[in-house]
Every structure is written in C-alpha cells, then in structure tokens.
Amino acid sequence: MPKNVSKKTFYVTTPIYYINAKPHIGHAYSTIVADVLARWHRNLGEETFFSVGTDEHGAKIAEASEKQGLPPKEFADIMSEKFRECWKLLNIQYDDLIRTTETRHKESVVSFMQELYKRKFIYQAEYEGWYCKGCEKFLTEKELVSGMCPDHKRPAEWIKEKNYFFKLKKFLPKIQQMICDGDMQIVPKKRENEVLSLLKQNLPDFSVSRQNVRWGIPLPFDPTQTIYVWVEALQNYISILGFSTTAAQQGERFQKFWPADVQIIGKEISKFHCIFWPALLLALALPLPKKFLVGGFFTFDGQKMSKSLGNVLAPKTLVERFGVDGTRFLLLSQFPYGEDGDIALAGCVERYNAHLADNVGNLVSRIGTMIQKYLQGRIETHPEKQIILEETNKSIEERFSALMARDQIQEALLSLFEASTKLNQHIEEVKPWKLAKTHPTILKQHLLSWSHTLHVIGRCLAPFLPNTGERIQRAFRGPEFQNPGILFPKIS
RNA sequence: CGCGGGGUGGAGCAGUCUGGAAGCUCGUCUGGCUCAUAACCAGAAGGCCGUGGGUUCAAAUCCCACCCCCGCAACCA
C-alpha cells in the first residue's frame, strides 16, 4: 500500500445537547441521522469520525441544579449520563462523546479565546439590557411582551455589566460569500435563505462573556468573567478533536478530520451554527464546516410536546413498543430531513406493520421458507446462473447510493421498501409454488437471485437498521441459509 | 408588522421552485394466490387541491387579498 495516499475522511457531528432536560425524541432523531451517515460512510470505506456531546455550563444549569440541591457538576453528571444511556439504547455508534465540563474541552476553549484576544478580535464594552435567563441572551425592547420573554414567559431582568465582545461584523461578508459559493452549504435551501437574510441585516457584534454567571469557563484574560455558554459550547466540535492553538499540543484528530463534512443541527440553532460559529473559526483562519444539515421540529399528534399536555415522547417509549430498529425506522421514514414532522402513535403502528412486518419482514420469511423447502437451505453460488435479477440488484444499490449522496435520507430508506415491494410483485409473476412442481431448475435460479436481492437490501439497510441489516445479510450470504427468524413481529 | 411551517379523496402526506390530463401510504370494497408474519398480488370506489379575485390557451402550481390551524427545543421555562 502506497504510504502517502491518505484515506478519505468523513467527520459528522450532532448538535451539542443542552442538559437541562432529559433526551427526547428530537435529540434522538438528530443523533440517529448522524449515526446513519456515519455508518454509511464507514461502509464506503472512509475513515469516519462521529462526535456527540453535552453542553453543561450556564446560568440555567446552575439554576436547575440548585433547585435540586445538587452541585452543578453532580447535576451535570446525572444528566449527561442520561444522554449516554439514550445513545446506547438507540444503538448509536459514535466515536467519542465530549462534555463541556471536561478538562480537554476547557483547555481547548481557553486557548481559542486567548488567541482571539491576541488577534484583537475581542474588545471590552459596557452592556446593559433586558436579559432572559431562559434564552441565555439579551432581548431587545421590541422582543419583550409586557416585560416578559415571549418564549419563556418569564420576566426579563435589566442587567448592566461589563462584557467582552467579538468583532462579528468583520466576518459577515466572508460568510455570505462562502455560502453563496457553496463552500459552506446549508441544507435545505429554505434554511440557507433564512441565514442569508439574517446576514443582510448586519448583525451586531455579540458578547462572548458573562459577568454574573459563575458556572462556566473563566475567561483567560479576565477571570472575573466566564465565557458565554454558547460561544464555548460551539467549540466542542473542535475540542473533541483535540484542537489547540499551540502547535505542540495540536491533536492528530484535528489535523485529520477538521473541517467537518456534515454538522447536523436543528433550525432553532442555525444562527449560532451558520453565522457565529463560522465567524469564530474565520477569526483564527480555520476552515469552515463543509455542510450543515438543518432539521425541523417534531410535534406529537399534531401538538407540541409538553408535560402539561402529558404527551412528551421519550425515545424509550418507542423502543419498548417497536424495538430499536423499529424506532429508528419510524423516526427516519416519517418525513424528509429538514421538514417539520408529526409523530402519532397510531400512525407508528400502521407504518411499522406495513413496512417492517408485512413488507420486508414477511418477504424475508417467504423467501427463507422457500429456500429451506425447495433448496434444502443451500444458497450455492453459481455466478453464471444468477443473471436474472442482476440489473435489478444493481439499480437498487445505485438508486439508494444516489439518494444518500444527495442527503435524501428518508427517500433512500424508503427506496429499499419499494425494492422489496417490487420483489413481492415479481414473485407473484414467477409463481414459485408452481415452478416447484414443473421447473425446479428455473425456480432454483430465481431463488438464488432473490437471495442476492435481499442481501443487497440488507446491506443498504444496515446503516439505518443495523441489527436488521446484519441479520438479513447473514441469512442470505450463503452457502448455508441462516434463518433469521421473525424480524418484526406484527403489532396490533 | 418577531420568525417559521401548513390547509390536496375517510386518515397521514407528496406534488407548488421549473404552470399542461390529480399521485403515494394506510383504511374501505371486490377478486386472485398459497411460498410467507391472517401475509402477498390485481382491480375498484372516493378529491370542485382553505376562501375570493387576477394573470394565462391552460393554475394545486404564478400574482393579490382574506380565513383557519400549528410550531419556535421544552418538563413546571
């Protein structure tokens, strides 16, 4: 192997999750999408890095922990662990998880901020205004509704404090250009338009520190202040790679994987990720992420999930009912990535049965049975005789790959179920139960082809439904049929 | 005028950017098949595409006005 040929790399990130609440279905969705991309690129043979993380600083966390009578760090330990458990439950194969309270993160951030300061992109100014602890940000007079934050329905506080500001304005034109030139993609298009319109509004510089928040990382050049939680949290995407401004301490991972190929985010945080984050990176002359995939919102039975309505959907609830792969399927197949989507339990049962139990699950059963019955369980390789569905198999994989390459994740997944339906139709035309009596040799050829088709479907399915994909592949790999059993029991 | 999404056969949605014979999944009805998880396959019924106006040979699709739903990430914020 030639020494200098470096393998293609792929770096995908999930949003950094704020730990003030337990993981919900929205967290699960973004993370599963990232997991699918990571698994897919691993299968393509690329050297893949998949990061997840938890955001643990800020006034809100301090407040929440106090309410529970715990030190913030202990509270963070408990909450962060819940996310970890959730990813385990959902079979998320991440490479590393970073917590913003970890030393490696803090060191990385400190070196970053110090460098910004050194390069004179940070200046000091007095700031006063209405502050909402819920948003962790200052609100304009216009945004307030009778003195309350409209989002959080709590009174804003008038705060006057010394702050350090980042020279955001300086970088806005460059960011705009990068987006327009396609060097930093924002998908879907409507989210890109939103970001571009924000850029045109000539955003003011933003503050990067807080004087009155103690639960945070001290600002290296003024330890009386802590770093604004958002500014610090964004840097998890590089601190996890071991970023440092000191060459000697620079992580190998950073060299290898930055810039990120895909950053999965939600539309509510696109301003921070598509404007503030790139600006910070530009300030240190670092390359920008290549692509943001911006997800939509979830509703449950057409309504916002809320505790008062008693309709909060925990990932665990779905997993208990539909299994891990069932849950992954339901979340990924319901709507195209980037759209808002509704999850209804009744619809879930319906889609689970229609696609998983009756379509793919049943197809695997019927072909498996025939292989045992008509071929005595032998899937022998006769390449010259397996041409019947070669074209079909090739097109299944090509179509799937093309959709994946265009980030059409839902469509790619559903294309496999269309393939399964086509195979069902084909079986009906061929009438194997008749061939068994009249032309057993032809039947054998068909069965070998069908096994191959299922093997292809299993391979494509694997990034989405890892367990199922593996079971299907193992079953039809040959030479001996491995009965996978019932993949998806029907649910009533 | 905070921002954004949406109103298409019984249900859930695609189609709207780039006008040109209304599609998909589920459900319902009828028929077929028996290898299969009461599954699979074929066919049928069912829609003046939120309302009103406009542009056009032609509008679900473009323009204007209006009505109605919903969300802004979250666990007592």
Side-chain angles (χ1 to χ4, degrees), chain A residues 15 17-18 20-27 29-30 60 63-64 67 132-135 139-140 142-145 148-155 189-191 193-194 197-198 265-271 295-312 314 333-336 338-344 346-351 353-374 410-411 414 417-418 420-421 423-436 443 446-447 450 485-492:
Chain A
Y17 300 118
Y18 205 43
N20 62 334
K22 285 183 285 188
H24 53 68
I25 216 72
H27 296 122
Y29 179 70
S30 300
K60 248 188 296 184
E63 225 178 46
K67 225 173 252 177
C132 170
K133 271 189 188 168
C135 305
L139 301 171
T140 62
K142 267 196 299 188
E143 285 174 310
L144 294 176
V145 179
M148 310 265 281
C149 165
D151 286 347
H152 299 99
K153 309 277 187 273
R154 61 195 273 172
K189 192 79 182 167
K190 60 183 167 194
R191 296 280 96 86
N193 292 339
E194 244 173 74
S197 94
L198 270 175
I265 59 173
K267 69 179 178 185
E268 82 288 357
I269 53 176
S270 63
K271 181 172 161 185
F297 295 136
F298 269 94
T299 54
F300 183 69
D301 279 331
Q303 282 181 307
K304 168 191 179 178
M305 290 183 219
S306 78
K307 194 172 189 177
S308 49
L309 290 169
N311 66 348
V312 175
S333 65
Q334 171 70 349
F335 49 87
E339 299 298 315
D340 289 343
D342 184 57
I343 291 285
C348 284
V349 172
E350 203 175 277
R351 287 188 303 119
N353 282 334
H355 288 95
L356 298 179
D358 296 346
N359 192 337
V360 167
N362 179 59
L363 181 65
V364 165
S365 276
R366 73 191 295 204
I367 290 178
T369 303
M370 284 191 269
I371 286 170
Q372 292 178 97
K373 203 162 170 176
Y374 303 138
Q410 181 217 23
E411 295 84 346
L414 293 180
F417 291 86
E418 282 168 27
S420 172
T421 295
L423 184 48
N424 265 325
Q425 291 166 342
H426 185 247
I427 291 173
E428 221 65 33
E429 281 170 35
V430 169
K431 304 191 196 317
W433 52 94
K434 281 189 179 163
L435 285 184
L443 174 59
H446 278 298
L447 278 171
W450 297 342
I486 298 290
L487 292 176
F488 299 101
K490 190 140 181 169
I491 294 176
S492 54

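Everything numeric in this text was worked out from a predicted model, so none of it was measured. Sequence lines set the chain letters: A, B, ... in the order given, protein chains first and strands last, and positions in each chain run from 1.
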Next on the checklist: Looking at B/C40, I'd like to know if its phosphate oxygens (OP1 or OP2) sit under 4.0 Å from a side-chain N or O belonging to A/Gln425.
Outcome noted: no

Next on the checklist: Would you measure the distance from the P atom in B/G50 across to the matching atom in B/A11 and give it in whole Å?
Outcome noted: 14 Å

Checklist entry - If the P atom of B/G10 is compared with that of B/A45, how far apart are they to the nearest Å? => result 15 Å

Item to check | d(CG, A/Leu414; P, B/C13) in whole Å | outcome: 15 Å

Checklist outcome for this item: Taken to the nearest whole Å, CZ/A/Phe417 to P/B/U25 is 14 Å

Item to check | Minimum-distance nucleotide (side-chain atoms of A/Glu428 versus B/U37, B/U25, B/C35) | outcome: B/C35

Item to check | A/Asn424 side chain, from C-beta outward: closest of B/U25, B/U37, B/C41 | outcome: B/C41

Next on the checklist: Rounding to an integer number of angstrom, what distance separates B/C63 and B/U56 when you compare their P atoms?
Outcome noted: 16 Å

Checklist outcome for this item: Distance col, row A/Asp358:CG vs A/Phe488:CZ, nearest 0.5 angstrom, shows 12.0 Å

Item to check | Touch class at under 4.0 angstrom, heavy-atom based, for A/Ala357 against every strand present | outcome: base

Item to check | Whole-Å gap separating C1' (B/C26) and NZ (A/Lys490) | outcome: 11 Å

Item to check | Under-4.0 Å side-chain N/O to phosphate OP1/OP2 contact, A/Lys267 with B/G71 | outcome: no

Next on the checklist: Which nucleotide, if any, forms a Watson-Crick or G-U wobble pair with B/C62, using both distances under 3.5 Å?
Outcome noted: B/G54

Next on the checklist: What is the separation between atom CD1 on A/Ile269 and atom P on B/G4, rounded to the nearest whole Å?
Outcome noted: 18 Å

Item to check | A/Lys60 side-chain proximity, nearest of B/A74, B/C35, B/C41 | outcome: B/A74

Checklist outcome for this item: Per nearest nucleotide of RNA chain B, the residue lying toward the 5' end, A/Arg191 or A/Asn362, is A/Arg191

Checklist entry - Does the side chain of A/Lys373 come within less than 4.5 Å of A/Met370's, by heavy atoms? => result no

Identify the pairs formed between an N or O of the protein and an N or O of nucleotides 6-8 of chain B at a distance under 3.5 Å, and give each distance.
none

Item to check | Candidates B/C35, B/A74, B/U37 - which lies nearest the side chain of A/Thr369 | outcome: B/C35

Checklist entry - Are any side-chain N or O atoms of A/Asn359 and backbone N or O atoms of A/Ala354, one a donor and one an acceptor, separated by less than 3.5 Å? => result no

Checklist outcome for this item: When A/Lys434 and A/Ile486 are each assigned the nearest nucleotide of RNA chain B, the 5'-most assignment goes to A/Lys434

Checklist entry - Any donor and acceptor pair, going by atom type alone, linking the side chain of A/Tyr374 with main-chain N or O of A/Leu443 inside 3.5 Å? => result no

Checklist entry - Does a side-chain N or O from A/Asn20 land closer than 4.0 Å to OP1 or OP2 of B/A74, or not? => result yes

Next on the checklist: Between B/A14 and B/G5, how far apart are the two P atoms, rounded to whole Å?
Outcome noted: 13 Å

Checklist entry - To the nearest Å, how far apart are A/Ile367 CD1 and B/U37 P? => result 13 Å

Next on the checklist: What is the separation between atom CG on A/Asp358 and atom P on B/C41, rounded to the nearest whole Å?
Outcome noted: 10 Å

Checklist outcome for this item: If pairing means Watson-Crick or G-U wobble with both distances under 3.5 Å, then the partner of B/A21 is none

Next on the checklist: Roughly how many Å apart are B/C3 and B/G23, using the C1' atom of each and rounding to a whole number?
Outcome noted: 32 Å

Checklist outcome for this item: Scanning all shown strands, the Watson-Crick or wobble mate of B/C72 with both distances under 3.5 Å is B/G2

Item to check | Partner of A/Ser333 under side chain to side chain donor-acceptor pair (under 3.5 Å), chosen from A/Glu411, A/Gln410, A/Arg351, A/His355 | outcome: A/Arg351

Checklist outcome for this item: Between NE2 of A/His426 and P of B/A42 the distance, given in whole Å, is 13 Å

Item to check | Inter-nucleotide P distance (B/G27, B/G53), Å rounded | outcome: 39 Å

Next on the checklist: Does the structure show a Watson-Crick or G-U wobble partner for B/U28, both distances under 3.5 Å? Name it, or say none.
Outcome noted: B/A44

Next on the checklist: Checking contacts here: which listed nucleotide (B/C35, B/C26, B/A74) is nearest the side-chain heavy atoms of A/Glu350?
Outcome noted: B/C26

